[in-house]
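Read the structure below first, then the notes.
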Amino acid sequence: MASLHRHKFCEIIFISQGYGELFYCREHIVLLAGSLVFIAPEEAHAVSLRTGCEAYTCHFDRNATSEKLNRLLEDRAPISLTEHHPEYMLSWTDGDSPPDSQRQSKYSHRVQLLGTDKDHILSILQALEAEQNTQDVGYLGMKQCYLEQLLITLNRILEGQSKSTMDYHSWKEDMVNSVLSQIEADITIPFDFNAFAQSQGITPTYFRSIFKSIVNMSPIDYLNHVRISKALELLQVTNLSISEIASRVGIYDANYFSRLFKKVTGYPPRYFKSIPNQEGML
């Protein structure tokens with residue numbers, strides 16, 4: 001396991017390709033492409049990047065940001081690491097739990113970015129990296145500008161997700177939670193989202209709209225991420241063949257499974273079967 005550590009600066013970790021793992025507050029979280037984590041100062045954590053993972057990290061001092069952005073960070077409503085994406089959670093055993101990581105942070109957040117949100121954040125981080133690498137005249141000022149752009153953009157994304165969730169009545173949340181529970185209970189069973197929508201007396205299009213507004217993923221994207229997350233776990237801890245792993249996660253076409261796996265992680269499953277279990281640590 002990666003070494004548990006803490007530091008005095010804020011840290012943003014963004015997975016652009018492949019996958020990694022976060023060990024934090026008694027939780028072991030699989031980070032897929034598009035996962036972004038904000039770690040507050042002095043929060044004990046460990047991050048392991050699997051071979052082939054591409055990630056961006058941004059470290060900054062709260063004192064380096066404007067007063068407005070500091071208020072933004074402090075007033076940001078806490079988001080549980082498991083609130084929106086419980087399928088990424090793998091339980092600690094009591095003996096494995098680091099004693100100083102058992103509390104939930106007030107300020108640390110995690111969000112799964114898709115589509116234009118993911119591309120936007122990636123472009124800002126790439127611009128930050130370019131300024132750091134070239135160090136042209138005025139690069140420190142440019143880094144400050146990009147940092148503020150990054151934080152403001154993240155805040156807008158989180159505000160948008162929070163507002164979308166609050167705008168829906170409880171029956172819609174109950175309906176979505178019912179779907180999540182059924183998926184997590186047994187991912188091998190085919191799930192017919194259209195039939196479920198009809199059973200609730202709504203159209204499939206309306207159901208998908210409700211689901212995406214609450215979970216920030218379409219139903220099929222959510223199901224695929226659950227299955228690929230479980231497949232990644234099986235690749236690490238078993239010697240099962242790729243076709244066997246595919247069937248264990250409810251996909252009975254090995255070719256389709258390989259295509260889906262590559263779409264989500266950026267690499268085919270055989271890539272992870274053919275390399276040693278190496279870890280990069282942050």
Side-chain angles (χ1 to χ4, degrees), residues 14-19 29-37 79-89 109-122 153-154 156-233 246 249-253 255-267 269:
F14 176 73
I15 307 297
S16 61
Q17 183 170 287
Y19 80 105
I29 306 167
V30 176
L31 303 175
L32 298 177
S35 293
L36 184 143
V37 181
I79 295 178
S80 167
L81 293 170
T82 61
E83 180 179 353
H84 293 297
H85 301 288
E87 80 280 8
Y88 296 133
M89 301 307 304
H109 312 299
R110 172 178 172 268
V111 63
Q112 183 71 28
L113 304 176
L114 298 170
T116 56
D117 288 340
K118 176 184 173 183
D119 294 339
H120 194 177
I121 292 300
L122 177 59
T153 301
L154 284 174
R156 287 178 175 177
I157 292 171
L158 293 174
E159 286 287 354
Q161 291 182 0
S162 177
K163 183 177 184 302
S164 295
T165 301
M166 293 175 62
D167 285 344
Y168 282 88
H169 301 296
S170 60
W171 73 267
K172 298 179 181 178
E173 296 175 356
D174 290 343
M175 178 180 66
V176 171
N177 286 333
S178 173
V179 175
L180 301 184
S181 296
Q182 291 180 54
I183 290 174
E184 291 162 21
D186 189 349
I187 60 175
T188 65
I189 298 176
F191 200 96
D192 188 335
F193 294 109
N194 290 342
F196 179 85
Q198 293 171 1
S199 73
Q200 301 298 305
I202 60 176
T203 66
T205 300
Y206 187 37
F207 168 72
R208 288 192 294 269
S209 175
I210 294 172
F211 190 99
K212 187 170 184 179
S213 294
I214 293 177
V215 181
N216 198 38
M217 285 184 175
S218 69
I220 191 63
D221 282 342
Y222 181 92
L223 178 60
N224 287 340
H225 275 70
V226 172
R227 287 173 166 168
I228 297 306
S229 179
K230 180 61 177 179
L232 281 167
E233 180 187 351
V249 299
I251 301 175
Y252 301 99
D253 182 333
N255 291 329
Y256 172 71
F257 169 76
S258 294
R259 292 195 300 272
L260 177 62
F261 191 98
K262 184 174 182 179
K263 179 181 178 181
V264 173
T265 68
Y267 293 91

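Counting from 1, the numbers follow the sequence of the chain as shown.
No side-chain heavy atom of D117 sits under 4.5 Å from any side-chain heavy atom of I121. With contacts defined as side-chain heavy-atom distances shorter than 4.5 Å, the pair Y206/K172 qualifies. Taking 4.5 Å as the limit, some side-chain heavy atom of F207 sits within range of a side-chain heavy atom of M175. Y222 is listed as a side-chain neighbour of L180, based on a closest heavy-atom distance under 4.5 Å. Side-chain contact between F193 and P204 is absent, with no heavy-atom pair separated by less than 4.5 Å. In this structure, the side chains of L113 and V111 come closer than 4.5 Å at one or more pairs of heavy atoms. Counting heavy atoms from C-beta outward, F14 and V37 have side chains that stay 4.5 Å or more apart. Side-chain contact check for T188 versus V249: every heavy-atom pair is 4.5 Å or farther apart.
A distance of 12.0 Å separates CD1 of I15 from OG1 of T265, quoted to the nearest 0.5 Å. Of the inter-residue distances, the one linking N255 atom CG with L260 atom CG reads 12.5 Å to the nearest 0.5 angstrom. In this structure, the separation between CD1 on I228 and NZ on K262 is 13.5 Å, given to the nearest 0.5 Å. To the nearest 0.5 Å, atoms OG1 (T153) and NE2 (H120) are separated by 4.0 Å. Rounded to the nearest 0.5 angstrom, L122 CG and L36 CG are separated by 11.0 Å.
Put simply, the side chain of R208 never gets that close to the backbone of P219: no donor and acceptor are under 3.5 Å apart. In terms of modelled atom types and a separation under 3.5 Å, the side chain of S209 and the main chain of T205 share no donor-acceptor contact. Of the possible polar contacts, none joining the D221 side chain to the M217 backbone as a donor-acceptor pair under 3.5 Å is found. With hydrogens and angles disregarded, no donor-acceptor distance shorter than 3.5 Å links the side chain of S178 to the backbone of D174.
Summarising the geometry of K118 relative to A33, their closest heavy-atom pair is NZ-CB, 3.9 Å, with the distance given to 0.1 Å. Between I183 and I187 the shortest heavy-atom distance is O-CG2, 3.1 Å. Shown here for P269 and F257, the closest heavy-atom pair between the two residues is CG-CE2, 3.9 Å. Closest approach of L32 and H225 over heavy atoms only: CD1-CD2, 3.5 Å.
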Inset, instruction - Just do the side-chain contact (heavy atoms from CB on, under 4.5 Å) check on N224 and F261 with the steps written out, would you? - result: CA-CA 9 Å; N224 287 340; F261 191 98; over 6 Å; no
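Side-chain polar atoms of S229 and E233 form no donor-acceptor pair below 3.5 angstrom.
A tilted orientation is assigned to the rings of F191 and F196, their planes being inclined by 30° to 60°.
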